[in-house]
Amino acid sequence: MPKQDSLQGSLDLLVLKILSRRPRLHGYGIMAAVQEISDEVLRVEEGSLYPALHRMEEAGWIRAQWITKDTGRRARLYELTAAGKKQLAAEESRWQAVTTAVNRVLRMA
């Protein structure tokens, strides 16, 4: 099982990727998607997700919109911006470089 901090450095990548495939999700939907798609291996905690969403919104990578559901409850939906798509490409490239380097170390004789 991954350690609690195993998502450190990859949260932005995961959120941006989820939103690129599933636009207009609320925070809980993003958390559930990460857990579901990773076959329950990865888990994003609210205490990490919401500050990250706020930071990404401030950076212009995502935008948020408040809606009122049929139940009367309000939800904040997030979606990727054009700047977010560029950032996603940069994050994916960085992640590939890191995982390639880690794999090289793991395969050392």
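What you see below is based on every heavy atom in this structure, not just the backbone, and it leaves out hydrogens, waters and symmetry mates. Remember, it's a predicted structure, so these values are computed and weren't measured experimentally.
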Asker: Distance-only check: which donor-acceptor pairs under 3.5 Å involve side-chain atoms of residues 23-34, not counting sequence neighbours?
Answerer:
residue: Arg24; atom: NH1; partner: Gln65; partner atom: OE1; Å: 2.8
residue: His26; atom: ND1; partner: Tyr28; partner atom: N; Å: 3.4
residue: His26; atom: ND1; partner: Gly29; partner atom: N; Å: 3.1

Asker: Report yes if the side chains of Leu16 and Ile62 come closer than 4.5 Å at any heavy-atom pair, otherwise no.
Answerer: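 Leu16 reaches Ile62 side chain to side chain.
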Asker: Look up atom CD in Glu57 and atom NE2 in His54, then write down how far apart they are to the nearest 0.5 Å.
Answerer: 7.5 Å
Asker: Treating Thr100 as the side-chain partner and Gln96 as the backbone partner, does any N or O pair qualify as donor plus acceptor under 3.5 Å?
Answerer: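 Checked: pair present.
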Asker: Answer yes or no: is there a donor N or O on one side and an acceptor on the other, between the side chain of Thr99 and the main chain of Trp95, under 3.5 Å?
Answerer: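 Present.
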Asker: Write down the atom of Thr81, the atom of Gly60, and the distance for their closest heavy-atom approach.
Answerer: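 Closest pair (atom of Thr81, atom of Gly60, distance): OG1-O, 2.5 Å.
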Asker: Spell out, yes or no, whether Leu88 and Ile37 are grouped together once hydrophobic residues are joined by side-chain heavy atoms under 4.5 Å, including indirect joins.
Answerer: yes
Asker: Is Leu42 linked to Leu53 within one hydrophobic cluster, defined over Ile, Leu, Val, Met, Phe, Trp and Tyr using a side-chain heavy-atom separation of less than 4.5 Å?
Answerer: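 Hydrophobic grouping puts Leu42 with Leu53.
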Asker: Please tell me if the side chains of Trp61 and Val15 come closer than 4.5 Å, counting only heavy atoms from C-beta onward.
Answerer: no
Asker: CD of Glu46: more than 12 outside heavy atoms within 6.0 angstrom?
Answerer: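 Check fails, neighbour count at 12 or below.
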Asker: Rounded to the nearest 0.5 Å, how far does CG of Leu49 lie from CZ of Arg43?
Answerer: 13.5 Å
Asker: What's the separation between atom CD1 in Ile18 and atom CG in Leu80, rounded to the nearest 0.5 Å?
Answerer: 11.5 Å
Asker: Filter on salt bridge (Lys or Arg N to Asp or Glu O under 4.0 Å), then keep only pairs touching residues 92-103, sequence neighbours left out; what's left?
Answerer: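 Found Lys17-Glu92, Glu91-Arg94.
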Asker: Please say yes or no: joined through hydrophobic side-chain contacts below 4.5 Å, possibly via intermediate residues, are Val98 and Leu11 part of one cluster?
Answerer: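 Looking at the clustering, Leu11 is in a separate group from Val98.
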